[in-house]
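Presented below is the structure to which this report refers.
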Protein chains: 2
Amino acid sequence: MSITIKDVAKKTGVSIATVSRIVNNQSGYSEKTRKKVVQAIAELGYSPNALARGLVGQATRTIGVLLPNVSSLFAGKLLEGIESAAQQQGYSVVVCNTGSEGERTDDYLAVLKQKRVEGVLYASGVFSKEMAEKLAGIGMPAVTVATKSHEETVPFVKVDDRTAAFDGTSYLIEKGHRKIAFIGGELSDPVAGLPRFEGYREALAAHGLKVDDHLLRFGDFRFEAGKEQMQSLLESETAFTAVFATSDEMAVGALHAAREGGVRVPEDLSVLGYDNTLAAEMALPPLTTVEQPLRSMGEAAFASLTGERKSVTAGHKIVERQTVVQIEEDIK
Amino acid sequence: MSITIKDVAKKTGVSIATVSRIVNNQSGYSEKTRKKVVQAIAELGYSPNALARGLVGQATRTIGVLLPNVSSLFAGKLLEGIESAAQQQGYSVVVCNTGSEGERTDDYLAVLKQKRVEGVLYASGVFSKEMAEKLAGIGMPAVTVATKSHEETVPFVKVDDRTAAFDGTSYLIEKGHRKIAFIGGELSDPVAGLPRFEGYREALAAHGLKVDDHLLRFGDFRFEAGKEQMQSLLESETAFTAVFATSDEMAVGALHAAREGGVRVPEDLSVLGYDNTLAAEMALPPLTTVEQPLRSMGEAAFASLTGERKSVTAGHKIVERQTVVQIEEDIK
DNA sequence: CTGTTAGCGCGTTCAT
DNA sequence: ATGAACGCGCTAACAG
């Protein structure tokens, strides 16, 4: 079949042990034989078999990444960071598109185990207790990205969602907004749903404002949901001057609904997004948003997985573009 | 370390050969021993070592995917299709972000070879002759997606770009447009640049129109380029009623420039995109575009790679949304 | 129906 | 400085 270490040993007249030493640049050979071997390797086009190596050495230099939706901008950025860090360390990453509800997760975990990956990065929505146990059960190191486990056993890399949402909401308030609608993930979602809502609520409270139930909407984080919830908001009786949508896609959906409803952004309504994916940049008008540094979070997650395996909370910030404007304070 | 076939053999009192047969559901064992073994496997949590399997069987059930930019919507959709088809066949896919100029391609190829992947999908911009030779040299099957090789040795999966651009342009003409600007990839790009321009030119010719050099702009396929080229177009003296941008990102860039320049879409100007990624859906107004069925192209590419390895040209179509409108024929 | 054995390609003692 | 030999976990003959 393919050419093996034996071939280069034979060709150079040394033993496979020596070739092995040279390939893995250890010590124990003369410069002369080294040269001979290196040349033979080049001539033969020898490439060490990673399977055999892995079989003996227990190091596959491969990790798995579990994502609910690879084709999203969100996943793309994360993946870019992960992949970049991995490549630099000589690791390969196999992508696993688990489905929006994570329905294929178990299947993937099974093959990842068979392939003896050195760990998995979990960026697949909610990280349940069962997941943690399952992972522990099959003995694979894991770290979650943009998600948090209830178990303290699994390190995470994420922004502080509550604080980020608090800051985003405060920003809106500082711009003079008092009636701020909220479109977010379901409150049953303990990682991206509830905390962001809490941040929103706490920011209002901190400024002496109260939350108006008529101004609250929930859905998944997709474009369609944002659009629908915004439509619903527009149909309600209650007036508002700003919306905080906790994903850029949702915010863009809101932009669409607003336009269809004849409300101008930002003249009639300010809109704040979350994530700062390309969607925010490409939105018309360009979207002001709370940034999660997805790319560097991906890098950090890889580093954590293959390194000390500890949690890191990434810094968020507000990226100002054109959808949020200052309004008169006394509109009330 | 991990639990092996020996452990389950020992536990059940049969030989490893029998266990192997059962695991790979071959024939040659009684139902009774099967049950015993299956149970032991479950109890022990045995998971076959794919490395060992691959070492003997020469089947790693893994492919590599080379992409210039994983985080783009374009790559995301492609990857989704590839991944989906792969998963269904029990294959894993390792992603390789080669960089916009494919600068990391060689490095990736080297590790993919070591890992003995069964083939690579190349969706990484231009597929040069050197690439083809390199791949052939290391003996890895490949198929290109949304790209075409000059060599006939490598199968491809793509739409007919010339015809797709022809159809897109014709669509604009049928809508009454006579002055149609073009924003595309560099003509030196033999796969997505030149052919699309040719389609544009031929469509004009077929309708008795001639191409106006003042209305032609080129760049990479990114958002920024589209914006810049559109700005440049707006500054020129020549009037036009429509723009055909050969990527959705570019088209959205054009939308931005138009808005900044005070020209309304579609009232003052029609805009046609290319790809039909999420960017088209999320654009404001929603973008009419020439669709490439990226997801199914990804699936087809995987099928081709692991199957008969033959080329397929995917069907394109025009997805009508809101950026192209009929205008009076006699505007001229 | 079931067990033994020989590799797959490599890293690693242990000798020399 | 170098080589022989074992074993990683498994599949595939080959024997019974």
Side-chain angles (χ1 to χ4, degrees), chain A residues 1-38 40-41 44-62 110-118 138-139, chain B residues 1-38 40-41 44-62 90 110-111 113-118 138-139:
Chain A
M1 264 266 45
S2 185
I3 109 114
T4 81
I5 199 174
K6 270 187 199 160
D7 299 316
V8 4
K10 194 167 304 172
K11 171 156 182 153
T12 52
V14 302
S15 73
I16 65 167
T18 300
V19 177
S20 176
R21 289 189 189 98
I22 293 172
V23 169
N24 298 297
N25 47 67
Q26 300 175 143
S27 56
Y29 45 83
S30 70
E31 175 60 14
K32 201 174 62 177
T33 66
R34 196 193 66 81
K35 270 201 165 140
K36 219 171 32 175
V37 169
V38 172
I41 286 177
L44 261 29
Y46 167 68
S47 170
N49 185 323
L51 274 61
R53 280 180 156 179
L55 187 55
V56 36
Q58 321 285 11
T60 53
R61 301 229 129 213
T62 302
V111 338
L112 290 178
K113 183 179 180 191
Q114 293 192 178
K115 297 229 161 109
R116 300 300 191 261
V117 300
E118 294 180 23
I138 63 182
Chain B
M1 261 265 48
S2 186
I3 110 111
T4 81
I5 199 174
K6 269 186 200 162
D7 299 317
V8 6
K10 193 168 305 173
K11 171 156 182 152
T12 52
V14 301
S15 72
I16 64 170
T18 299
V19 176
S20 176
R21 288 188 192 100
I22 292 172
V23 169
N24 298 294
N25 46 66
Q26 299 173 143
S27 56
Y29 45 83
S30 69
E31 175 60 16
K32 201 174 63 181
T33 65
R34 195 193 66 82
K35 271 201 163 141
K36 217 170 34 176
V37 170
V38 171
I41 288 177
L44 260 30
Y46 166 69
S47 168
N49 184 322
L51 276 59
R53 279 180 157 179
L55 188 55
V56 36
Q58 321 284 10
T60 53
R61 302 230 129 212
T62 301
V111 337
K113 184 181 179 188
Q114 293 192 176
K115 297 226 161 113
R116 301 301 191 259
V117 300
E118 295 181 22
I138 63 183

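Chain naming here is simple, since letters A, B, ... match the order of the sequence lines and numbering starts at 1 in each.
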Polar side-chain atom of A:Gln114 near backbone of B:Ser47 as donor-acceptor pair, under 3.5 Å: no

Kindly calculate the angle separating the two end axes of the helix from C:dC1-D:dG16 to C:dT16-D:dA1, each obtained from five base pairs, and round it to 10 degrees. 40°

From CD1 of A:Ile5 over to P of C:dC8, roughly how many Å is that when rounded to an integer? 14 Å

Just call it for A:Gln26: base, sugar-phosphate, or nothing, with non-hydrogen atoms closer than 4.0 Å on any strand. sugar-phosphate

Among all residues two or more places apart in sequence or in another chain, which pass the side-chain hydrogen bond (donor to acceptor under 3.5 Å, both in side chains) test with A:Asp7? none

Nearest whole Å is fine: how far is C:dG9 C1' from A:Leu44 CG? 15 Å

D:dC8 OP1/OP2 closer than 4.0 Å to side-chain N/O of B:Asn49: no

Value in whole Å for how far the C1' atom of D:dC10 lies from NZ of A:Lys115: 16 Å

Under-4.0 Å side-chain N/O to phosphate OP1/OP2 contact, B:Lys6 with D:dC8: yes

What is the distance, rounded to the nearest whole Å, between atom CD of B:Gln114 and atom P of C:dG9? 15 Å

Counterpart residues, side chain to side chain contact (heavy atoms under 4.5 Å, CB included), relative to A:Lys6 (two or more places apart): A:Thr4, A:Ile16

Remember a base hit wins even if backbone is also touched, and classify B:Thr4 as base, sugar-phosphate or nothing at under 4.0 Å, heavy atoms. sugar-phosphate

In whole angstrom, what separates B:Leu51's CG from D:dC10's P? 10 Å

Rounded distance in Å - CD1 (B:Ile3) to P (D:dC8): 14 Å

Strictly below 4.0 Å: does A:Arg53 bring a side-chain N or O up to OP1 or OP2 of C:dG11? yes

Minimum heavy-atom distance B:Thr33-B:Tyr29, with the two atoms named: OG1-CB, 3.7 Å

Just how far, in rounded Å, is C1' of D:dC8 from CZ of A:Arg116? 11 Å

Selection from D:dA12, D:dG9, D:dC10 that lies nearest to any side-chain heavy atom of B:Leu55: D:dG9

Find the distance A:Ile22:CD1 to C:dT12:P and express it as a whole number of Å. 15 Å

Heavy-atom nearest pair, A:Gly28 first then A:Arg21, reads O-CD, 4.1 Å

Nearest heavy-atom contact between A:Leu51 and B:Arg116 is CD1-CB, 4.2 Å

With sequence neighbours excluded, residues passing side-chain hydrogen bond (donor to acceptor under 3.5 Å, both in side chains) with B:Lys11: B:Glu43

Holding to side-chain hydrogen bond (donor to acceptor under 3.5 Å, both in side chains), I want the full list of residues that pass it with B:Ser20, two or more places apart in sequence or in another chain. B:Asn24

Can you check whether B:Lys36's main-chain N or O pairs, donor with acceptor, with B:Thr12's side chain at less than 3.5 Å? no

What protein N or O atoms touch nucleotides 1-5 of chain C N or O atoms at under 3.5 angstrom, if any, and at what distances?
from	atom 1	to	atom 2	distance (Å)
C:dT2	OP2	B:Ser30	N	2.7
C:dT2	OP2	B:Thr33	OG1	3.0
C:dG3	OP2	B:Ser15	N	2.9
C:dG3	OP2	B:Ser15	OG	3.3
C:dG3	OP2	B:Thr18	OG1	3.1
C:dG3	O6	B:Arg21	NH2	2.3

